[in-house]
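If you're wondering where the values come from, they're calculated on a predicted model, not measured in any experiment. We use all heavy atoms of the structure for the numbers below, so side chains are in, but hydrogens, waters and symmetry mates are not. Quick note on labels: first sequence line is chain A, next is B, and so on, each numbered from 1.
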Amino acid sequence: MNTSETKSTQASEKPAATADQSLRPAMDIFEDATGITVLADMPGVPKEKLDIQIDKDSLTVGGEILLDMPSGMDPVYADVRKTRYQRSFTLSRELDTEKTEASFKDGVLILRIPKREAHQTRKIQVKAA
Amino acid sequence: MYISMNDFGTSLFDELRRLEREMSSSYTWPSPIRSAPRGEYPPINVGSNPDRIDVYLFMPGVDPAQLDISIQQSLLSISGERRLISEEGADYFRRERFDGSLRRVVNLPDDVDPDQVEALYKDGVLHIAIQRKEASKPRQIQVK
């Protein structure tokens with residue numbers, strides 16, 4: 001169990017156990033006042049083969065690539081040599097993972113993990129003396 | 001006190017050697033002269049059988065109507081753009097997704113029929129199937 005607090009980044013990456021067998025999807029991750037958004041490129045994964053696991057302190061995004069390939073095809077050239085994607089992150093406690101929202105379209109996964117109300121950034125106004 | 005990179009067992013040279021190994025093991029097929037180096041966007045896979053050539057381009061989140069797909073002689077070229085919307089005022093931790101103009105050229109065999117091409121965009125993969133010319137397909141010959 002990893003108890004060390006992540007500092008600036010609230011989602012820190014874990015080395016994937018199955019790194020050799022899977023592709024690491026390219027991701028954009030950004031944070032605003034109310035939460036963290038993760039965008040992941042997973043082309044070739046149909047919606048029903050997408051696998052997102054999230055709990056209090058970890059996020060794993062995975063998916064199986066299914067290509068519509070006629071039988072008896074010889075692979076002549078392949079940049080993509082693996083049939084699944086996987087990538088994991090540890091999450092910090094202020095993220096309200098139960099309220100995570102996900103959408104998946106044309107191979108792009110968008111995950112929105114909101115921060116708990118108490119942790120949302122508030123602007124502090126300085127009053128004139 | 002400083003900590004040497006070597007203490008982690010992953011010195012720069014180890015890393016270079018690993019890359020070299022990966023490069024040499026991945027080039028099992030002879031590369032066509034117009035092929036782009038690995039890492040070029042979008043990644044492609046090509047399959048072939050006696051009836052047709054199938055090209056798969058891994059380009060998620062692209063509007064297929066904005067793509068320019070053409071075949072000239074035996075060259076299939078695909079070009080277009082993928083523009084990402086940048087979130088204003090947000091702190092980015094990672095920006096790995098491709099953003100910009102894309103282009104790939106695939107050298108097809110001489111016997112493809114440029115009039116029989118189908119392209120389908122599904123789950124972020126553009127699948128282009130090009131039939132071979134009838135005359136060049138292998139035929140079963142019956143002995144009477």
> Does A/Arg112 pair with B/Glu87 as a salt bridge, N-O distance under 4.0 Å?
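Answer for the salt bridge query: no.
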
> Can we say B/Arg52 and B/Asp113 salt-bridge, meaning some charged N sits less than 4.0 Å from an Asp/Glu carboxylate O?
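Salt bridge flag = no for B/Asp113 with B/Arg52.
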
> Using a cut-off of under 4.5 Å for heavy-atom pairs, which of B/Arg82, B/Lys122, B/Met59 has the most such pairs with chain A?
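Result: the option with the highest number of such pairs is B/Arg82.
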
> Name the region of B/Leu84, side chain, backbone, both or neither, that has any atom closer than 4.5 Å to a heavy atom of chain A.
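When you check distances to chain A, only side chain atoms of B/Leu84 fall under 4.5 Å.
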
> Relative to each other, are the rings of B/Tyr56 and B/His127 parallel, tilted or perpendicular (30° and 60° limits)?
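Rings of B/Tyr56 and B/His127: parallel, as their planes differ by under 30°.
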
> Apply side chain to side chain contact (heavy atoms under 4.5 Å, CB included) to A/Asp51 and list each qualifying residue two or more places apart in sequence or on a separate chain.
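By the side chain to side chain contact (heavy atoms under 4.5 Å, CB included) rule, A/Asp51 matches A/Gln53.
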
> Is any NZ, NE, NH1 or NH2 atom of the basic residue among B/Asp111 and B/Lys133 found under 4.0 Å from an Asp or Glu carboxylate oxygen of the other?
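No, no charged N to carboxylate O under 4.0 Å.
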
> When heavy-atom pairs shorter than 4.5 Å are enumerated against chain B, which of A/Val45, A/Asp41, A/Leu67 gives the highest number?
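When all of A/Val45, A/Asp41, A/Leu67 are compared, A/Asp41 has the most.
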
> Do you know which of B/Gly124, B/Pro43, B/Ser48, B/Gly89 has the most heavy-atom pairs with chain A at a distance under 4.5 angstrom?
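Of B/Gly124, B/Pro43, B/Ser48, B/Gly89, B/Ser48 has the most heavy-atom pairs under 4.5 Å with chain A.
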
> Given that the side chain runs from C-beta out, which part of A/Leu66 has a heavy atom under 4.5 Å from chain B: side chain, backbone, both or neither?
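Contact with chain B is absent: no heavy atom of A/Leu66 under 4.5 Å.
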
> Pick one of side chain, backbone, both or neither for A/Ser71, based on which atoms fall under 4.5 Å of a heavy atom in chain B.
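It is the backbone, since no side chain atom gets that close.
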
> With sequence neighbours left out, what residues match A/Thr97 under side chain to side chain contact (heavy atoms under 4.5 Å, CB included)?
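With neighbours one apart ignored, the set is A/Ile54, A/Leu91, A/Thr100, A/Ile113.
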
> Under 4.5 Å, counting heavy-atom pairs only, tell me which of A/Gly72, A/Pro46, A/Ala40 racks up the most with chain B.
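When all of A/Gly72, A/Pro46, A/Ala40 are compared, A/Pro46 has the most.
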
> Does any heavy atom of chain A fall under 4.5 Å from the side chain of B/Phe58, the backbone, both, or neither of them?
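Contact with chain A is through both the backbone and side chain of B/Phe58.
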
